[in-house]
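In what follows, a structure is listed as structure tokens, so that the remarks can point back to it.
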There are 2 protein chains.
Amino acid sequence: MIKKAKIPDATIGRLSLYSRYLIEAYEKGVTTVSSQSIADATGVTPAQVRKDLAYFGEFGTRGVGYNSKELYMHIMKILGLDKRWPVAIIGAGNLGRALSQYKGFHERGFDISCIFDNDPKKIGKKLSNINIYHLDVLEEKVKEFKIELGIIAVPAQAAQEVADKLVKAGIRGIMNFAPINITVPDNIVLRRVDLSAQLEYLTYYLEEI
Amino acid sequence: MIKKAKIPDATIGRLSLYSRYLIEAYEKGVTTVSSQSIADATGVTPAQVRKDLAYFGEFGTRGVGYNSKELYMHIMKILGLDKRWPVAIIGAGNLGRALSQYKGFHERGFDISCIFDNDPKKIGKKLSNINIYHLDVLEEKVKEFKIELGIIAVPAQAAQEVADKLVKAGIRGIMNFAPINITVPDNIVLRRVDLSAQLEYLTYYLEEI
DNA sequence: TAGATTGTTAATCGATTAACAATC
DNA sequence: TAGATTGTTAATCGATTAACAATC
């Protein structure tokens with residue numbers, strides 16, 4: 001996987017969190033925020049906030065704080081969210097359909113351009129204006145819609161094959177929801193999201209209390 | 001949040017991963033596995049595998065390896081997955097509906113017992129045999145179904161209120177899909193899953209390459 | 001026994017936090 | 001100026017990895 005040097009993975013996740021607080025603060029009319037207020041809102045330490053930001057530049061004014069709108073814009077730029085991203089979802093099952101309609105993606109700059117499946121019954125149908133295509137036309141549609149991101153929402157046994165096809169079609173980033181480890185070339189960015197594993201953190205901590 | 005001493009959070013996530021490989025290996029007839037083979041299958045180092053397991057006991061035989069079935073059972077016990085867990089989903093929107101039908105939960109021991117919403121149009125309906133109830137009867141149903149886990153799939157602005165209700169109803173663990181930090185008492189286990197943030201890791205790494 | 005692999009210790013690496021000079 | 005808050009360094013903390021004795 002491609003990695004920018006020395007910046008902890010967790011920092012990226014926190015930047016995302018900070019940005020959500022910042023836009024909320026700005027919309028409420030709060031123009032200046034401090035590392036302390038960001039920390040309070042997001043559940044981290046003020047030192048952590050300043051350290052996270054320091055990886056990318058100097059965005060504040062000593063003695064004053066940060067301009068909420070400006071810092072928001074800086075973070076969005078850092079996260080690559082200063083543009084919109086067309087996204088393909090592979091798998092028109094329950095999960096794929098839900099993700100295609102999840103508003104949270106759209107709000108942050110992601111547009112689900114199309115959904116792919118290999119079930120003839122589903123091909124040609126639409127999900128809230130998003131077309132479902134056969135996997136055979138993946139490469140063609142990826143080019144047509146300039147898609148760089150793919151979401152794998154197929155069963156585990158099909159995930160690696162789908163990943164290979166995404167890579168072949170020219171996709172650069174993959175979010176994998178299938179409960180299996182897939183492998184991709186070094187120049188492809190991969191992220192696995194295991195919904196059940198998230199619940200398993202809860203059950204782990206709930207046992208033996 | 002409740003934490004067992006000294007065990008890294010990441011270890012729990014990896015145990016979940018190991019267990020998936022182990023059951024697959026067992027079902028293929030592979031009775032003995034090594035830390036090396038587990039590592040290869042899950043993308044970690046063999047030392048990491050052994051260290052993760054060592055937090056909980058001695059499960060292998062020196063010179064031989066681990067019995068796949070036995071180690072699987074041990075890990076499932078550690079994760080609290082040696083029993084089934086009734087789960088409530090709050091929010092019958094796109095995400096809530098998809099999660100309620102997501103097979104990955106059922107496979108790992110989670111049963112979605114009921115869905116809650118406050119939209120009168122949705123109350124009384126069913127989603128693949130799961131009833132949708134009004135939030136007003138949350139406490140009653142939590143007791144009836146012995147529910148200990150709740151999944152919040154409502155918009156951000158409603159999330160804290162829903163969390164408070166879940167706690168009041170006696171729920172012990174919460175998975176929050178709303179893009180906001182909610183607060184809960186110390187004895188409640190909370191996990192936030194931000195789907196958009198996962199995509200934002202991809203866009204971060206894809207920028208500036 | 002020789003070869004293999006675990007369980008564990010010590011070394012290394014990396015992330016977080018505390019502290020404070022810089023400066024508004 | 002006095003008070004506040006950043007940006008950054010050094011100290012601390014915690015997780016991962018390497019190495020190896022134990023032992024099958």
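Order of the sequence lines fixes the chain letters, A, B, ..., with proteins taken first and strands second; residue numbering starts at 1 for each chain. Remember, it's a predicted structure, so these values are computed and weren't measured experimentally.
For B:Tyr66, a side-chain nitrogen or oxygen approaches OP1 or OP2 of C:dG7 to under 4.0 Å.
Closest of all the heavy-atom pairs between B:Tyr55 and B:Thr11 is CE1-OG1, 3.7 Å. Smallest separation of non-hydrogen atoms from A:Ile23 and A:Arg20: CG2-O, 3.4 Å. Pairing each heavy atom of A:Ala159 with each of A:Ile180, the nearest pair is CB-CG2, 3.8 Å. The two residues B:Phe177 and B:Leu99 make their nearest non-hydrogen contact at CE1-CD1, 3.5 Å.
Atom CD1 of A:Ile12 and atom C1' of C:dG14 are 15 Å apart (whole Å). Whole-Å rounding puts the A:Lys6 NZ to C:dC13 P distance at 14 Å. Atom NE2 of B:His74 is separated from atom P of C:dT6 by 15 Å (rounded to the nearest Å). Per the geometry, CD belonging to B:Gln48 stands 18 Å off P belonging to C:dT12, to the nearest Å. Distance B:Glu58 CD to D:dA22 P: 14 Å, rounded to the nearest Å. Regarding B:Arg50, its CZ atom lies at a distance of 6 Å from the P atom of C:dT6, rounded to whole Å. Rounded to whole Å, atom P of D:dG7 lies 9 Å from atom CZ of A:Phe59.
Under the 4.5 Å side-chain criterion, counting only non-hydrogen atoms from C-beta, A:Ile90 is in contact with A:Leu138.
For B:Arg62, taking side-chain heavy atoms from C-beta onward, the closest of the listed nucleotides C:dT16, C:dT6, D:dT5 is C:dT6. Side-chain atoms of A:Arg14 lie closest to C:dT16 of the nucleotides D:dT16, C:dC24, C:dT16. The side chain of B:Pro8 lies closest to D:dT16 when the candidates are C:dT8, D:dT8, D:dT16. Closest contact between the side chain of A:Ala10 and the listed nucleotides C:dT17, C:dT16, D:dT16 involves C:dT16. Residue B:Ser34 has its side chain nearest to C:dT5 when only D:dT17, C:dT17, C:dT5 are considered. Counting only heavy atoms from C-beta on, B:Ala47 has its side chain closest to D:dA18 among C:dT17, D:dA18, D:dA22.
For A:Tyr102 and B:Asn94, the side-chain atoms include no donor-acceptor pair closer than 3.5 Å.
C:dA22 is paired with D:dT5 under the criterion used here, namely a Watson-Crick or G-U wobble arrangement in which both key atom distances are under 3.5 Å.
Non-hydrogen atoms lying under 4.0 Å from DNA chain D are contributed by nothing in residues 17-32 of chain B.
No contact: A:Thr11 has no heavy atom under 4.0 Å from any strand.
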Open item on the list: Please evaluate residues B:Glu148 and B:Lys83 with respect to the criterion salt bridge (Lys or Arg N to Asp or Glu O under 4.0 Å), reporting the C-alpha separation (whole Å), side-chain torsions for both, the decisive distance (0.1 Å), and the verdict.
Closed with: CA-CA 13 Å; B:Glu148 295 187 280; B:Lys83 55 167 252 181; 3.4 Å; yes
TODO: Mind running salt bridge (Lys or Arg N to Asp or Glu O under 4.0 Å) on A:Glu161 and A:Lys165 for me, showing each step along the way?
DONE: CA-CA 6 Å; A:Glu161 196 189 328; A:Lys165 283 184 180 172; 3.6 Å; yes
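Both B:Ser35 and A:Thr45 lie near DNA chain C, and the one whose nearest nucleotide falls closer to the 5' end is B:Ser35. Heavy-atom distances to DNA chain C give each of A:Val64 and A:Asp52 a nearest nucleotide, and the one nearer the 5′ end belongs to A:Asp52.
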